[in-house]
Amino acid sequence: MRLGQGLNPDSQMGPLVSASHRETVRGFVTVAGDEGADIVAGGRDATVEGLESGYFLEPTVIDRVTNDMTVAQEEIFGPVVSILRFSDWEELISLANDVSYGLASGVWTSDVNKALKFADAVRAGTVWINTYGMFDVAVPFGGQKMSGFGGRELGEEALDAYLQAKSIWIDTEAVIPTQGQGISR
């Protein structure tokens, strides 16, 4: 992947937001190794020419991850891909749903029917099929379970946080006074 300035269209991946964030993500990688996973690529600080003060971390691939490991159970928000193996459909869905978070999920497959079945079964606010990270302001975005704050960003659902519903009931059979302030017949 080409690391670079986040707004440069030639960059495939920008820096992390801060030194402490990079340290946190690097800590997840270290813990994965300590828990028995294999760090097969990346996981180290990276330097980009002309952006030496940026908080870059190499894209990281972690293999032999099991669902009880920290990297499988936490939202890392960094350039880390964990490889978890499964033997059948039920195990796949169980692994995907056996976490406290559910912001987003992605699946790559040539079988669209299986992809849609996965999207229906997984408890995540967004499911990307054969892509990852696509957004549009007209499409709601937000997590399930412990991901996010319960609302949705983007789309018309995002307006819900700014609206208050009010119910007004009226009995049209009730006797309406014929006299008094503001009433005339």
Side-chain angles (χ1 to χ4, degrees), residues 1-84 95-108 119 122-162:
M1 295 193 79
R2 284 184 310 278
L3 304 181
Q5 200 270 346
L7 297 177
N8 182 339
D10 294 330
S11 298
Q12 292 177 300
M13 189 177 84
L16 296 174
V17 70
S18 66
S20 65
H21 182 213
R22 180 174 60 185
E23 184 177 323
T24 298
V25 174
R26 198 179 334 107
F28 279 115
V29 175
T30 300
V31 168
D34 293 345
E35 291 178 343
D38 291 335
I39 315 307
V40 296
R44 296 174 300 273
D45 291 358
T47 303
V48 175
E49 186 177 335
L51 301 170
E52 287 80 10
S53 62
Y55 307 114
F56 292 94
L57 188 72
E58 295 173 334
T60 305
V61 178
I62 305 174
D63 196 6
R64 296 183 183 244
V65 175
T66 58
N67 218 33
D68 61 333
M69 292 181 177
T70 304
V71 293
Q73 291 295 315
E74 296 293 329
E75 292 180 312
I76 298 175
F77 296 110
V80 177
V81 172
S82 298
I83 300 171
L84 287 86
L95 289 170
N97 287 332
D98 188 28
V99 294
S100 298
Y101 302 98
L103 182 59
S105 182
V107 61
W108 280 261
V122 71
R123 291 190 314 267
T126 297
V127 178
W128 287 293
I129 299 172
N130 295 336
T131 187
Y132 202 84
M134 291 182 69
F135 292 95
D136 185 291
V137 296
V139 179
F141 179 78
Q144 293 187 13
K145 302 184 268 185
M146 290 181 57
S147 291
F149 56 87
R152 290 290 178 260
E153 300 173 34
L154 310 177
E156 68 181 55
E157 287 83 353
L159 298 175
D160 289 345
Y162 300 98

Which heavy-atom pair separates Met69 from Gly36 by the least distance, and what is that distance?
-> CE-C, 4.0 Å
Check Ala37 against Ile62 and note the closest heavy-atom contact, atom names and distance.
-> CB-CG2, 3.5 Å
If every non-hydrogen atom of Val99 is compared with every non-hydrogen atom of Asn67, which pair is closest and at what distance?
-> CG1-OD1, 4.5 Å
Residue set satisfying side chain to side chain donor-acceptor pair (under 3.5 Å) with Ser11, at least two apart, ordered chain then number -> none
Return the minimal non-hydrogen interatomic distance between Gly4 and Pro15, and the atom names on each side.
-> O-CD, 3.7 Å
Can you say whether the rings of Tyr132 and Trp108 are parallel (under 30°), tilted (30 to 60°) or perpendicular (over 60°)?
-> parallel
Evaluate the criterion side chain to side chain contact (heavy atoms under 4.5 Å, CB included) for residue pair Val25 and Ile76; output intermediate values, then yes/no.
-> CA-CA 6 Å; Val25 174; Ile76 298 175; 4.0 Å; yes
Got a sec, which residues hit side chain to side chain donor-acceptor pair (under 3.5 Å) with Arg123, two or more places apart in sequence or on another chain?
-> none
N/O donor-acceptor pair under 3.5 Å between Glu58 side chain and Ala46 backbone = no
Over all heavy atoms of both residues, which pair between Ser82 and Val65 is shortest? Give the atoms and the distance, please.
-> CB-CG2, 3.9 Å
Counting N and O atoms only, with roles assigned by atom type, does the side chain of Arg22 sit under 3.5 Å from a partner on the main chain of Leu57, one being a donor and the other an acceptor?
-> no
Are the side chains of Tyr101 and Gln73 in touch, meaning some heavy atoms are under 4.5 Å apart?
-> no
Write out all pairs satisfying salt bridge (Lys or Arg N to Asp or Glu O under 4.0 Å) with one or both partners inside residues 25-35, taking only residues at least two apart or from two chains.
-> Arg26-Asp45
Partners of Arg64 by salt bridge (Lys or Arg N to Asp or Glu O under 4.0 Å), sequence neighbours excluded?
-> Asp38
By side chain to side chain donor-acceptor pair (under 3.5 Å), Asp63 pairs with (sequence neighbours left out) Arg85
Begin from the C-alpha positions of Val122 and Asn97 and carry the test side chain to side chain contact (heavy atoms under 4.5 Å, CB included) through to its verdict.
-> CA-CA 6 Å; Val122 71; Asn97 287 332; 3.6 Å; yes
Only counting residues at least two apart or in another chain, list the ones meeting side-chain contact (heavy atoms from CB on, under 4.5 Å) with Glu52.
-> Thr47, Glu49
What residues form a ring-ring contact (aromatic ring centres under 6.0 Å, His included) with Phe77, not counting sequence neighbours?
-> none
Residue list, side-chain contact (heavy atoms from CB on, under 4.5 Å) with Val48, at least two apart or on another chain | Leu3, Leu51, Phe56
Which residues satisfy the side-chain contact (heavy atoms from CB on, under 4.5 Å) test with Ser20, sequence neighbours excluded?
-> Ser18
Would you say the side chain of Tyr55 lies within less than 4.5 Å of the side chain of His21, judging by non-hydrogen atoms?
-> no
Partners of Val61 by side-chain contact (heavy atoms from CB on, under 4.5 Å), sequence neighbours excluded?
-> Val40, Ala41, Ile83
Pairwise distance OG1(Thr60) to CZ(Phe28) - rounded to 0.5 angstrom | 13.0 Å
Across all chains, not counting sequence neighbours, the salt bridge (Lys or Arg N to Asp or Glu O under 4.0 Å) partners of Asp98 are none
